[in-house]
Peer 1: 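Structure in structure tokens, see below.
FYI, side chains are in, hydrogens and waters are out, and symmetry mates aren't considered; it's all heavy atoms of this structure.
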Amino acid sequence: MSAAYPDARAWAQDQSLANVPTLARLEAFAFQAHPEIVESFGAEGRSLAPFLRRPRRSPTRLLRNALMLLTAIVVLVAPILGVAIYADAPPYLAPTAEPVAAPIAVPISSISFAVAALTQAVACVVWLRSGARRSIPLLTGAAATAVLAGFASVGLPRVAARDGFELGGWIVPVWVALVVATAVALALVMRLGVRPPANADAGPDPAPIASTVSDREHARMLVRRLPADERRLLQQDRDDALRILAARGLLDDDEVQRALAADLGTLFTLDPIRTPAP
């Protein structure tokens, strides 16, 4: 099932004249914001609900994913650069290279750890606002930053002394990164036992319903829990889609009248008497 259609009307308008569309699928598109209700639409509803629960690739989500990837890169690269710039990385990469002089290495290392500290702080705020749940990637980044900042807090003064460079306040961002990353790592360790709930984006689960009720009554009970205004809009979307199918010759008069008279959320019960699309 594709979520390319914003509602049932758009789905009905796009149906091929060679198909016999299933009514359960029509109503599923009307209820696509409520996969827990779609799941009650018989066998087809149960097969469609998992696709509706998948996060959609909205521009906002894509932007958020891009920012998360950028943050991960900064968290990884900044502290590594902060240590590599003053250490023996250049000679290892190019045997003829000399270690970077302190007047260049110290400021670059200091700025790298300032960026690392800021990134860790921002990541921590986002983590707290998202529920402060277990996050192994964030813990790994915080722990690595803390370790590398610890190395730099010892190594940077030595490099400055070696070249006679006045260290001054350049060491402060390293200490800040060490403190921030350590604090974030400890907070994350304390939350290791907290796992995200399954289907966290799917909304709260409906209250239990007795297993003895029929699929039709189950669906009706779930639909009745929705606000009246939302039910009215869903009904309008569903009925408009039925009329579109009828106008395009995909439903005959008896089928459309029977479907329009059916309770909201129960169209799937009419499909067995129709010939489904292959």
Side-chain angles (χ1 to χ4, degrees), residues 55 60-197 200:
T60 301
R61 181 176 292 276
L62 291 175
L63 177 60
R64 184 173 64 183
N65 290 343
L67 290 175
M68 289 176 62
L69 177 61
L70 179 61
T71 300
I73 293 173
V74 172
V75 167
L76 177 65
V77 172
I80 293 177
L81 176 62
V83 171
I85 192 65
Y86 71 81
D88 294 330
Y92 279 117
L93 295 175
T96 59
E98 295 291 333
V100 179
I104 298 175
V106 171
I108 292 178
S109 177
S110 180
I111 292 172
S112 296
F113 279 105
V115 171
L118 179 60
T119 305
Q120 287 289 335
V122 171
C124 183
V125 171
V126 173
W127 173 68
L128 290 172
R129 295 187 62 180
S130 64
R133 299 188 182 99
R134 158 186 174 142
S135 176
I136 298 300
L138 187 56
L139 173 59
T140 302
T145 299
V147 170
L148 291 170
F151 288 155
S153 66
V154 175
L156 213 58
R158 291 179 177 176
V159 170
R162 179 197 67 194
D163 294 347
F165 180 76
E166 182 65 34
L167 187 60
W170 289 115
I171 193 64
V172 174
V174 179
W175 293 340
V176 172
L178 176 60
V179 172
V180 171
T182 301
V184 172
L186 290 176
L188 285 158
V189 167
M190 295 173 62
R191 303 294 290 178
L192 281 179
V194 181
R195 297 176 180 271

Peer 1: Which residue pairs satisfy the side-chain hydrogen bond (donor to acceptor under 3.5 Å, both in side chains) criterion with at least one member in residues 145-168, sequence neighbours excluded?
Peer 2: Gln120-Thr145

Peer 1: Report yes if some heavy atom in the side chain of Trp127 is under 4.5 Å from a heavy atom in the side chain of Leu188; otherwise report no.
Peer 2: yes

Peer 1: Checking Ile80 now: which residues fulfil side-chain contact (heavy atoms from CB on, under 4.5 Å) with it, not counting sequence neighbours?
Peer 2: Leu76, Leu148

Peer 1: For a quick test of reading the model, state the closest non-hydrogen atom pair linking Ala117 to Val180 and the distance between them.
Peer 2: O-CG1, 3.9 Å

Peer 1: Which atom pairs, donor and acceptor, lie under 3.5 Å between side-chain atoms of residues 107-114 and protein residues at least two apart or in another chain?
Peer 2:
| unit_1 | atom_1 | unit_2 | atom_2 | d |
| --- | --- | --- | --- | --- |
| Ser109 | OG | Gly82 | O | 2.5 |
| Ser110 | OG | Trp170 | O | 2.7 |
| Ser112 | OG | Ile108 | O | 2.8 |

Peer 1: For Ala185 and Ala143, work out which heavy atoms get closest and say how close.
Peer 2: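 The answer is CB-N, 4.2 Å.
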
Peer 1: Taking all atoms of both residues into account, what is the closest heavy-atom pair of Ala146 and Thr182, and its distance?
Peer 2: CB-OG1, 3.6 Å

Peer 1: Can you name the residues that form a side-chain contact (heavy atoms from CB on, under 4.5 Å) with Ile73, not counting sequence neighbours?
Peer 2: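 Counting only residues at least two positions away or on another chain, Ile73 forms a side-chain contact (heavy atoms from CB on, under 4.5 Å) with Leu69, Val77.
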
Peer 1: Which residues pass the side-chain contact (heavy atoms from CB on, under 4.5 Å) test with Pro157, not counting sequence neighbours?
Peer 2: Leu167, Ile171

Peer 1: Could you pull out all residues at least two apart from Ala78 that satisfy side-chain contact (heavy atoms from CB on, under 4.5 Å)?
Peer 2: Val74, Val115, Ala116

